Amino acid sequence: MPSRPSNAQIVRLFDLISDYLALDGESPYPLMAYERASRTLRDYPVSIADLASRGGLRELPGIGEAIETKVLEFIATGEVAKLDELRAKYPEGLLEIMHLPGVGPKTARHLWEALAITNLDELKLACERHALRGLPGMGEKTETNMLRAIATYEARSGRSLAGAVEPQAAKFVEALRAMPAVISADYAGSLRRRRSTIRDIDLVVASADPSAVMDAFAALPELAGTNERGDTKLTAVTHTELNVDLRIVPEPSYGNLLQHLTGSAGHNVALRAYAQRRGHKICEYNVEHVASGRQITCATEAEVYELVGLRYIPPELRENQGEIEASEEGLLPDLIELPDVRGDLHVHSDWTDGRATIEDMALGALEHGLEYMCFCDHSQSLAMARGLGPDRLAQQMEVIRELNTRLPGITLLCGIEVDILADGRLDLPDESLAQLDFVTASIHSAFSQPRAQIMKRMTNAMQNPYVRSIGHPTGRLLGRREPYDVDLDELARLAAETGTFLEINASYDRLDLSGPAVRRAVELGAKIVICTDAHYPTDFDNLKYAIWEGRRGWLEAKDVVNTRPLSEFRAYRKA
DNA sequence: GCCGTTTTCGGCCCGACTGTTTTCAGTCG
């Protein structure tokens, strides 16, 4: 009997089956069913194998008889016959190829059949040798685009989205804090610095009984297994195939270790050099006063910084980007916090690609303590999202205005996320835009245009008197799509000049603008709006990710327009 | 392959744009 498979192994099973079926030319609906099942299983927090063994699998949405049978087959035998059949027909490397942006199953299979390309390396070589342009439907541009896509793919290298991982890390911290032997617990590392992508979860614990903590931790149901275990350190792997490092120290050194493991490496090197010049030596267990040889342990991180003569530096700033100098000179920013945000100006509904009604989205915003919110559904050119033309937009306005009269506690505004078309025109006439309280303009097409054309589109949009903000200004999708070729400095200058706001989009696979871009934009005089781009009522929870990204960009509430009460927000005018 | 106050078959968000072409695959949220 094989050992119990991890959730990630089971999820991968169905990802593979649907990928191979796509190569095989199967109709799209079984594929969609496998993909849906895969998403459901991926989000399931504890052992799927246990659930399946109890016969509970079919209670999950999207799991029917066929998929349950395959999970049980996999648990019993470690194999699935259907997948083995498919594997025998196609080289595995085709799957990577078909997941490149701009490439699909048909193209991947075509490349294999016509040029015997079976993996990314061979594809790269073929592009470099211009072997693709001889094939029907492919040309010079195809080769360029594929080479760029391969480069992006190779750079992503196994990092996970912080927004997908943080809830799990927070649960680990909660579970640790509930253990009797635990005095303090936090996550550290890049997750604590609020990087948008992370490699693993670092957990730090203060306890006098490390062995008891490790025993209890290793038994948590979210863990698929443990790898190594010493006296003070344990490494494990979650069902989602994320590595978790647990470090345990005595309470007096907790601040030292937390500071050390939060990093970044660059920050710690700079901090130690700074401390050395002031006669101190910092290590992960204490701060040593070199002249006297006295070693001082720090129960809190703040003490570490105080001991070397610095003001406390928030984790988001610890990237060796001038934070030590700013701390020394008393010039650290007064960073924005989640409760500072009073309104959300980018919310979708089921009138386009949102998944909830206008009323449910409004209630979601109300429950999250927002004072105002603006519906900005898609405009007509985004047909797949059933984007709004002038007539449906007018109808939607009536619905929103009516609801606004009978929903106390929150003000509902009418807006649109209008597409900036490939030629720079907006997707709706000014007469429509003029009716609205707020207009966000976004690029959703022709991403690969040269910088001059992208900037022409941005300029046209920002110079429109009704466009109040630019949505997800660079279009990046973390780990999946590079930003379009935006000149950030020019964008920020234009934003400042025209009085157009720049968005921090809170979707955790966007976080666009990025922290560093925010810092630069504010330096150049741009004002920021922080928006969820919510498609579900629960998406208002994502606001915190945009706050984190903003904090990484040294952002203060005063530079964010939707931290203002509604009356002040309304008073902002375009230049 | 899943689902059902459309219950055991017939739906499954749906149309313009891009790069390459003369009929189409893939992408956009």
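Only a predicted model underlies this, so the values are computations on that prediction, with no experimental measurement involved. First the proteins, then the strands, lettered A, B, ... as listed; each starts at 1.
- Contacts of A/Thr107 with the nucleic acid, taken as non-hydrogen atoms under 4.0 Å apart, involve only primed sugar atoms and P, OP1 or OP2.
- Candidate nucleotides B/dC3, B/dG19, B/dC28 were compared by shortest atom distance to the side chain of A/Ser448, and B/dG19 ranks first.
- Each of B/dG26, B/dG1, B/dG19 was ranked by its minimum atom distance to the side chain of A/Thr142; first place goes to B/dG19.
- In the model, A/His346 has no side-chain atom that pairs as donor or acceptor with a side-chain atom of A/His472 under 3.5 Å.
- With salt bridges taken as basic N to acidic carboxylate O contacts below 4.0 Å, none links A/Glu85 and A/Lys89.
- No contact: A/Ala385 has no heavy atom under 4.0 Å from any strand.
- Below 30°, between 30° and 60°, or above 60°: for A/Tyr572 and A/Phe501 the angle between ring planes is above 60°, a perpendicular geometry.
- When the C1' atom is compared between B/dG11 and B/dA16, the two are found 24 Å apart, to the nearest whole Å.
- Salt bridge A/Arg476/A/Asp512: absent, no basic N to carboxylate O contact under 4.0 Å.
- Separation of the P atoms belonging to B/dG15 and B/dC9 is 29 Å when rounded to the nearest angstrom.
- The aromatic rings of A/His368 and A/Phe540 sit tilted, their planes meeting at an angle between 30° and 60°.
- Nucleic acid contact for A/Leu132: none, since no nucleic acid atom lies under 4.0 Å from a heavy atom of the residue.
- Residue A/Tyr29 places no side-chain N or O under 4.0 Å from the OP1 or OP2 atom of B/dC12.
- In this structure, of B/dC3, B/dG26, B/dG1, it is B/dG26 that holds the atom nearest to the side chain of A/Pro105.
- B/dC12 and B/dT18 have their P atoms separated by 28 Å, with the value rounded to a whole Å.
- The side chain of A/Lys106 sits closest to B/dA25 out of B/dG15, B/dA25, B/dG1.
- Searching all strands for a Watson-Crick or G-U wobble partner of B/dC14 with both distances below 3.5 Å returns nothing.
- Residue A/Thr352 is out of contact with every strand shown, counting any heavy-atom pair closer than 4.0 Å.
- Between B/dC14 and B/dT27, the distance separating the two C1' atoms is 13 Å to the nearest Å.
- Nearest nucleotide to the A/Arg386 side chain, out of B/dT18, B/dC14, B/dC2: B/dC14.
- The 5' end of DNA chain B is approached more closely, in terms of each residue's nearest nucleotide, by A/Gly62 than by the other of A/Gly62 and A/His378.
- Comparing B/dA25, B/dC2, B/dC12 against the side chain of A/Ile67 picks out B/dC2 as the nearest.
- Side-chain atoms of A/Lys141 lie closest to B/dG19 of the nucleotides B/dC28, B/dC12, B/dG19.
- Distance from the side chain of A/Ala446 is smallest for B/dT18 among the nucleotides B/dT18, B/dT20, B/dC28.
- The separation of B/dG26 from B/dT21, taken at their C1' atoms, amounts to 14 Å, rounded to a whole angstrom.
- Here, B/dC2 and B/dT8 have their C1' atoms 12 Å apart, quoted to the whole Å.
- Counting any heavy atom pair closer than 4.0 Å across all strands shown, A/Arg355 reaches a base atom.
- Within the nucleic acid shown, A/Glu65 comes within 4.0 Å of sugar-phosphate atoms alone, with no base atom in reach, counting heavy atoms only.
- The partner of B/dT8 cannot be assigned: no Watson-Crick or G-U wobble pair with both contacts below 3.5 Å exists in any strand.
- Checked for salt-bridge contact, A/Glu402 and A/Arg406 meet the test: a charged N lies under 4.0 Å from a carboxylate O.
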